[in-house]
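Whatever order the structure lists them in is the order used to number ligands and atoms, beginning at 1. This structure is a prediction, so every number in the text was calculated from the model and none was measured.
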Amino acid sequence: MRVRVLFVCLGNICRSPTAEGVFRKLVTEQGMDRSIDVDSAGTHAYHINEPPDQRAVQAAAYREIDLTHIRGRQATLEDFGSFDYLLAMDEENRRNLLRIAPTDLAHKVRLFMDFSPGFNEREVPDPYWGGTAGFDRVLDMIEDAARGLLEDIRTRYQI
Ligand code: 4NP
């Protein structure tokens, strides 16, 4: 079986594509590509079919993570059936997901930072309106939470 992970933010051009790229790289490094699928989406429709924000692409490229192939899409009702984890970057994203979640699948919606062993913050801050330093901090947080998430998957699914 494959475990499927969907990262979700507001626009799907900054935080969630970054999380997709970081987690995919980690999964590949750990030789787990055949066991885990990774995708990302936004709660809003602002940036459908757009590539990630250039600042996110650049910050990730410095860490040898490629985001250029990712295109924006909006989270859909079907995602709740298809994915095992729907991981919101902040409380607003989580609320927006829960607003459309089928009741019996709402337990799949979690805050991504709940998996972070190293950060106390529960939200990945939106870097869109700030400077480039915000994108590096987002990467630091996401890299940490990604390691915790992989541990959770390994434990839960015995892979
Ligand atoms: P993201 O950042 O949710 O991390 O992709 C944002 C991207 C776009 C907007 C807001 C946040 N926007 O208002 O267009």
Lys/Arg-Asp/Glu bridge criterion (N-O < 4.0 Å) met for Asp79, Arg4: no

Pair Asn93-Asp90, side-chain donor/acceptor within less than 3.5 Å: yes

Any protein N or O within less than 3.5 Å of an N or O in ligand 1? List each pair with its distance, or say none.
from     : atom 1 : to     : atom 2 : distance (Å)
ligand 1 : 2 (O)  : Asp126 : OD1    : 3.4
ligand 1 : 3 (O)  : Leu10  : N      : 3.0
ligand 1 : 3 (O)  : Gly11  : N      : 2.9
ligand 1 : 3 (O)  : Arg15  : NH2    : 3.0
ligand 1 : 4 (O)  : Arg15  : N      : 2.9
ligand 1 : 4 (O)  : Arg15  : NE     : 2.8
ligand 1 : 5 (O)  : Asn12  : N      : 3.3
ligand 1 : 5 (O)  : Ile13  : N      : 3.0
ligand 1 : 5 (O)  : Cys14  : N      : 2.9
ligand 1 : 14 (O) : His47  : NE2    : 2.9

Ionic contact status for Asp66 with Arg24, cut-off 4.0 Å: no

Heavy-atom neighbours of Glu29 CD exceed 12 at 6.0 Å: yes

Donor + acceptor pair across side chains of Tyr85, Asp152 (<3.5 Å): yes

N-O pairing of Arg94 and Glu91 below 4.0 Å: yes

